Structures are given as C-alpha cells and as structure tokens.
Amino acid sequence: MTATPPDPAKFVRMRELIAENGEKGWDEAWKAEVTPWDAGTPQPALQELIESGSIDFPRSGRALVPGCGRGYDAIYLANSLGLETTGMDISPTAVEAAGKYKAEIGASGNVTFIVEDFFALERETFDLVYDYTFFVAIPPSMRPAWAKQMGKLVKPGGYLITLVYPILPYTDVGPPFYVRPEHYEEILGSAWDKVWDKVPERTLDTHVGKERMVVWRKV
C-alpha cells in the first residue's frame, strides 16, 4: 500500500518540542501539525491479522488503544471485532482530531476517545489492547512500567497486539526509540504466551522490512 514517506525534518521538530515541553510536547506537536507518524489510514498489518481469522480474538468486551492519535486503528478494531473500544492519547488535540475523524467517516458509536495518561489508568480491564508506536514513543527506561501496566490492564485470557515498528539500525535518539521484537519479550516475561510472530505481508510501502506483528495472550 502506497504511503508518503515521513519528512525527517518533522521528526527533528517533534523531538525538539518534546525536549522543550516534556509530555505536553506531544500536544504541541499536534497543534503544529508535526505528526510524521500519522499514516492517514488503519495499519494494513493489523487488518491482515484480524481478517486472517488465525487468532480467535474476542467479539465482545472491551479494547484499548493507547497513544491512539487520530484513531484509525481504534475505529478499525471497533468495527471489525465489535468491541467497545477506547482510544486514549495524552494529547487533547489528538483526541479532538480523532473525534472529528470519527464523525467524518460516520464510524459506529462503540469507539470513544479520551485524554488520559496510560500509566495513570486504574481500575480498568480490557479483553484486548493494541500497541502501535506507543511503545517506541516512551523512553526505554519506562518500558518495564509499560509491561507492568499491561499486566494490570489485560484480563487473563486477553490479548496484547504489538505491531513492532520501526525496526531500524541502533540509535540513541528518539522518539521513536530503538526497538526490536525481543525487547517486548524481555519485559513481559512468563505472564504472557506468544501466540503470533510474523512479518506482515500487507503493509505500507514505507514500512517494508521495518515491522513485525507479535501477539501475546495473558496467562
């Protein structure tokens, strides 16, 4: 699938905004329309996984998409699996953009968007959580906390879908921060069974050779 390659200058500006403003830098990036991660479409790799029917994902219950951005994937999950889906982002501007996109395409009512810090979410559980680029948006030092929070949020028997991207040569610059599929396994540990690990056949042309789909089931 054809996609416009992200502008490297926008990544530089995004990092400057985050360095200057901390977590609020994400909202500043959205306000300035510095969103090089915005593909303008649901991820083909996610569509391939769901439509293959290879995994018996739940068809009722709740799903969560942290760092949802404009909400393409959250809306797709809600529509394809029928789950009550929450798209979450720390940026109010992103959440506003997701709401507008939902209205523009006439998406169903079973997807909502909220402004929330993933790490502050409490007393909530989900049947499915999908992470695409959220893992690489946080500093690597926070990855153990990411794993701990996923362990709290996903119900036993529930699923964690991780679209690992971008798989690029090592760098200490980010976001996006350096990532490999094994980085997830190292911190998730024995509380999860890996049930899917595959290089997607359907992908954006800008993602070829740079992504891997891995799915985990909570023990």
Side-chain angles (χ1 to χ4, degrees), residues 1-49 64-77 85-102 105 111 113-118 129-140 142-143 146 161-169 171-181 183-184 200 202-214:
M1 183 175 177
T2 302
T4 303
D7 182 356
K10 287 195 172 184
F11 280 108
V12 173
R13 182 57 183 148
M14 174 193 71
R15 291 167 187 147
E16 291 174 347
L17 290 168
I18 294 169
E20 293 166 3
N21 300 280
E23 289 184 350
K24 292 183 179 179
W26 292 104
D27 196 49
E28 294 302 317
W30 274 95
K31 289 177 181 177
E33 299 183 355
V34 182
T35 55
W37 60 83
D38 190 330
T41 182
Q43 289 300 308
L46 176 64
Q47 295 173 313
E48 176 187 62
L49 173 69
L64 174 69
V65 181
C68 67
R70 209 178 301 270
Y72 310 113
D73 292 331
I75 291 171
Y76 173 76
L77 284 172
T85 302
T86 300
M88 171 195 301
D89 206 288
I90 202 168
S91 164
T93 306
V95 169
E96 181 181 357
K100 288 180 179 178
Y101 176 70
K102 174 186 174 182
I105 66 171
V111 58
F113 297 102
I114 63 171
V115 179
E116 183 63 89
D117 179 352
F118 168 79
V129 177
Y130 169 69
D131 185 306
Y132 163 66
T133 69
F134 180 69
F135 185 85
V136 296
I138 61 175
M142 295 181 66
R143 289 176 178 177
W146 172 95
I161 301 174
T162 56
L163 180 51
V164 184
Y165 173 86
I167 301 174
L168 295 170
T171 177
D172 58 1
V173 175
F177 292 98
Y178 176 69
V179 69
R180 288 292 183 269
H183 293 169
Y184 297 76
R202 287 171 56 185
T203 186
L204 299 172
D205 55 5
T206 54
H207 287 202
V208 174
K210 302 174 185 176
E211 67 180 3
R212 190 171 190 93
M213 180 65 80
V214 186

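Computed from a predicted model, the values in this text were never measured in an experiment.
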Whether Lys102 side chain and Val111 backbone form a donor-acceptor pair below 3.5 Å: yes
Stepwise salt bridge (Lys or Arg N to Asp or Glu O under 4.0 Å) check, Lys100 with Glu96: CA-CA 6 Å; Lys100 288 180 179 178; Glu96 181 181 357; 3.4 Å; yes
Between OH on residue Tyr130 and OH on residue Tyr132, distance to nearest 0.5 Å: 7.0 Å
Heavy-atom side-chain contact between Met88 and Cys68 under 4.5 Å: no
Rounded distance [0.5 Å steps], NZ in Lys210 versus CG in Leu168: 6.0 Å
ring-ring contact (aromatic ring centres under 6.0 Å, His included) partners of Tyr101, counting only residues at least two apart: Tyr72
Residues in salt bridge (charged side-chain N to carboxylate O under 4.0 Å, His left out) contact with Glu33, at least two apart in sequence or another chain: none
Any donor-acceptor pair under 3.5 Å from Thr162 side chain to Val214 backbone: yes
Pair Tyr178 and His183, ring centroids less than 6.0 Å apart: yes
Atom CD of Glu23 with >12 non-hydrogen neighbours under 6.0 angstrom: no
Side-chain heavy-atom pair Leu163, Phe134 within 4.5 angstrom cut-off: no
Main-chain N/O of Glu116 paired with Asp89 side-chain donor or acceptor, under 3.5 Å: no
Heavy-atom check, side chain of Trp26 versus side chain of Pro175, under 4.5 Å: yes
Spacing of OG belonging to Ser91 relative to NZ belonging to Lys31, to within rounding of 0.5 Å: 8.0 Å
Interatomic distance, Met14 atom CE to Thr35 atom OG1 [nearest 0.5 angstrom]: 10.0 Å
Which residues share a salt bridge (charged side-chain N to carboxylate O under 4.0 Å, His left out) with Arg143, sequence neighbours left out: none
Ring center gap for Tyr184 and Trp146 short of 6.0 angstrom: yes
Interatomic spacing from NE2 in His207 to CD1 in Ile167 - rounded to 0.5 Å: 11.0 Å
Donor-acceptor pair, side chain of Thr171 and main chain of Val173, under 3.5 angstrom: yes
Spacing of Thr93 atom OG1 and Trp30 atom CH2 [to the nearest 0.5 Å]: 9.0 Å
Glu211 (side chain) donor-acceptor with Val164 (main chain) under 3.5 angstrom: no
